[in-house]
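Here the structure is laid out as structure tokens; the discussion comes afterwards.
All values derive from a computational prediction rather than experimental measurement.
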Amino acid sequence: MHRLIRISPFDAKKLRHTSFALVEALPELPELEEKKLTIPDEDLRIELCRSSGPGGQNVNKRETAVRLIHLPTGLVAASQAERSQGQNREQALKLLKAKLFKLMTERQEKELSNLRTKVTPDWGHQIRSYVLHPYQMAKDHRTGVKTSNVNDVLEGNLDKFVKK
């Protein structure tokens, strides 16, 4: 969090304005792609059962319904809408991949939210202040380092503020 105090060039009355800026540095996580998601066979338990409900000659005679259980996560996906076991397995695998993709996306979002700062841009939370009016001073509130050469600091010369 940074605080800037200056006379705004956009204010016709030339009044003093205070602005806050929050800067976050977060890692760039790889994109998740559902198409590239592959599930090893040893991570799956496949259960076959008979389809239920009204129907023709296949129902209650052949085991066409498929339930897939992802062992590491415990996620379950099942399909009994299709007539063949192979088609039901494909449908259940698509559903399981979608559930795994959602779980991975939620975990990625949680990881990023743990890295994000919980500070709101407000008084008392700034780590550095830049005063351009009525006097010139840049002050780091963590280290207590002050300088009157604010333009030098705003141009990127931050060596004096970095702890060594």
With rounding to the nearest 0.5 angstrom, report the [atom1] to [atom2] distance, [X] to [Y].
| X | Y | atom1 | atom2 | value |
| --- | --- | --- | --- | --- |
| His17 | Leu4 | NE2 | CG | 11.0 Å |
| Leu68 | Arg45 | CG | CZ | 11.0 Å |
| Phe20 | Ile5 | CZ | CD1 | 8.0 Å |
| Glu111 | Glu106 | CD | CD | 14.0 Å |
| Arg67 | Leu96 | CZ | CG | 13.0 Å |
| Leu93 | Ile46 | CG | CD1 | 8.5 Å |

Over all atoms of both residues, closest heavy-atom pair of [X] and [Y]:
| X | Y | result |
| --- | --- | --- |
| Gln80 | Ala65 | CB-CB, 3.6 Å |
| Val150 | Gln136 | CG2-C, 3.7 Å |
| Lys139 | Phe161 | C-CE2, 4.4 Å |
| Asp41 | Arg89 | OD1-NH2, 4.4 Å |
| Leu48 | Gln85 | CD1-NE2, 3.4 Å |
| Ala92 | Ser79 | N-CB, 3.9 Å |

Would you say that more than 12 heavy atoms from the other residues, nucleotides or ligands in this model lie under 6.0 Å from the CZ of Arg128, or not?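 Yes, the 6.0 Å shell around CZ holds more than 12 heavy atoms from other groups.
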
Are [X] and [Y] linked, directly or through other ILVMFWY residues, by side chains that come within less than 4.5 angstrom of each other?
| X | Y | answer |
| --- | --- | --- |
| Leu44 | Leu75 | yes |
| Leu158 | Val145 | yes |
| Leu100 | Leu95 | no |

Treating Asn88 as the side-chain partner and Thr64 as the backbone partner, does any N or O pair qualify as donor plus acceptor under 3.5 Å?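 Between the backbone of Thr64 and the side chain of Asn88 there is a qualifying donor-acceptor contact (under 3.5 Å).
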
Report yes or no: does Lys14 contribute a side-chain atom to a donor-acceptor pair with the main-chain N or O of Ile7 at less than 3.5 Å?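 A pair under 3.5 Å: no.
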
May I ask you to decide whether Asp11 forms a salt bridge with Lys13, counting only side-chain N to carboxylate O separations under 4.0 Å?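 No, Asp11 and Lys13 are not salt-bridged.
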
Would you sort out whether Thr73 and Leu103 count as a side chain to side chain contact (heavy atoms under 4.5 Å, CB included), showing the intermediate values? CA-CA 9 Å; Thr73 60; Leu103 180 69; 3.8 Å; yes

